[in-house]
Amino acid sequence: MKRTTKRELPEMAYGEIKERLEGIMESIEKGKIEMESLEEVLEEAGMLISRCIEKINKAEKISKKWLEQQGA
Amino acid sequence: MFIRLSEFINRIKDTLDAEYYGETFKVVAEITDVKIYYQKTYAFLKLIEKRGNDIVAEISASIWNNNFGIISKFQKETGQSLEQNLELLLEVEVQFHVRYGLRLSVIGIDAAYTLGKLEQQKTDTLQRLLQNNRGYVFLEEGVYFSANAGLKVAEVLQNIALICAPGSDGRRDFVHELEANPWHIDYNIVEFHTQVQGPGAASQIIKQLELIESYRQKSENLFHCICIVRGGGSNTDFAVFDDYELNLQIASAKLPVFTGIGHDRNISIADMMAAGFLKTPTKCAAFINEHNALYLSYIAELQGKIAVTVNERMAAERNEINRYKERLGLALNYYITKQKTDLNYLNDKIKMMNPGNVLQRGFALVRKNNKIITKKMALVKGDIIDIELKDGMINATVNE
């Protein structure tokens, strides 16, 4: 199976990250993931957490001026 | 015939004194032209009564230094400063001065009346909000709330539309609290400046709310919430937050509104209509920090759980492999032992079959021309045979 790299990870909202991690957790708990795929799934979980921390630590900056330029 | 002015005015004074001297009266009046001299400890004001927009009665009044304490007492009890157009229940004495004329000396202000009046106004506004906006404003078990409180709050509140007065303490406290968060959460705060007290403040805040809504319509996830903050002040400073139109706007806002309005005496209607209300701008920011920290801790918990679950899974797999190993070892041992037993048996059998062993037991092998002879019929008289015994060979000739 092709590995998902961090760059390939789609832009996700905080809620989506949480849901995906919960999904991963449930799949592992219920033994739905084969041992061979475990490493890959763990890697995805790690990337999701890193992405989440990155997002938290660096907000996408918008400003009133930028908003005005958008013509809203 | 005439009298001097002083004599005439003194007669008026005597008449008034005869009727009013030493008596106090409770009067409901609106106050205007309030001038308080804190250094000199006295105040001047006018008492009026209106019918519609017309003033139907008016009189000057004073609060002299021997009663000056009633101003701070009233402010402390009601959280309300003495301001224009405030309707008060006053305890007054009639004073008439020969030079300065008639005025009322205020010796008491009824705080309970004012509190009741303010509460009544608030109740009326809430009732109007409820009756005219059924889809947005609700009353359940005596608690008013709005549709705004039912909006889904984002997992992380990071992009914040902040409605505040520019350069105000409230704004500073709010931003500082967010920026100093210990979780290193980076915020994107877009400020929407407005007056937050006095005439026109409500309409300015409404305009900013409308502007934020127009941005939201263009990009739904641009802002995660709206925060309205204002530092401390007297009750009248917060009157704007009881405004009907403003509260309708908050109730129908499509983004969750959080208020951090610095008053601790009671809550405003804006607090009731908002998705969440905090007592101060700092507490409002702290609430946002904590909301986000909850998400972070949940993610960390998931991370830990995943690690534990994977470890458990790996341990279970290892145990399974060990069990297989054990079973395989046992099976192998059994197989090897069985094979050994079989081999030994065969070996014994072979040994038993070995002619050498047979010879050892006293048997002999008879050969003729190197072929083993097992039957008498194969020999005739005169045949030369080889007889193999345990310790060697002998030649013999068949005689019979």
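Quick note on labels: first sequence line is chain A, next is B, and so on, each numbered from 1. Model, not experiment: these values are computed from the prediction.
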Among the listed options B:Asn292, B:Ile185, B:Asn221, the residue most often paired with chain A at heavy-atom distances under 4.5 Å: B:Ile185

Which residue out of B:Gln217, B:Glu191, B:Glu317 racks up the most heavy-atom pairs below 4.5 Å with chain A? B:Glu317

Greatest number of non-hydrogen atom pairs under 4.5 angstrom with chain A, of B:Ile189, B:Leu296, B:Thr309, falls to B:Thr309

Is a side-chain donor-acceptor pair under 3.5 Å present for B:Tyr144 with B:Asn247? no

Proximity breakdown for A:Glu22 and chain B, heavy-atom pairs closer than 4.5 Å: both

Considering only heavy atoms, which portion of B:Glu312 lies under 4.5 Å from any heavy atom of chain A: side chain, backbone, both, or neither? neither

Chain B contacts, top residue of A:Leu42, A:Leu21, A:Asn57 (heavy-atom pairs, under 4.5 Å): A:Asn57

Lys/Arg N to Asp/Glu carboxylate O, B:Glu210 vs B:Lys207, below 4.0 Å: no

Donor-acceptor pairs under 3.5 Å, side chain of residues 152-160 of chain B to any protein atom, not counting sequence neighbours: which ones?
unit_1	atom_1	unit_2	atom_2	d
B:Glu155	OE2	A:Lys18	NZ	3.2
B:Gln158	OE1	A:Tyr14	OH	2.6
B:Gln158	NE2	A:Lys55	O	2.9
B:Gln158	NE2	A:Ile56	O	3.2
B:Gln158	NE2	B:Asp186	O	2.8
B:Asn159	ND2	B:Leu222	O	3.0

Counting N and O atoms only, with roles assigned by atom type, does the side chain of B:Gln208 sit under 3.5 Å from a partner on the main chain of B:His193, one being a donor and the other an acceptor? yes

Over 12 foreign heavy atoms within 6.0 Å of NZ, B:Lys254: yes

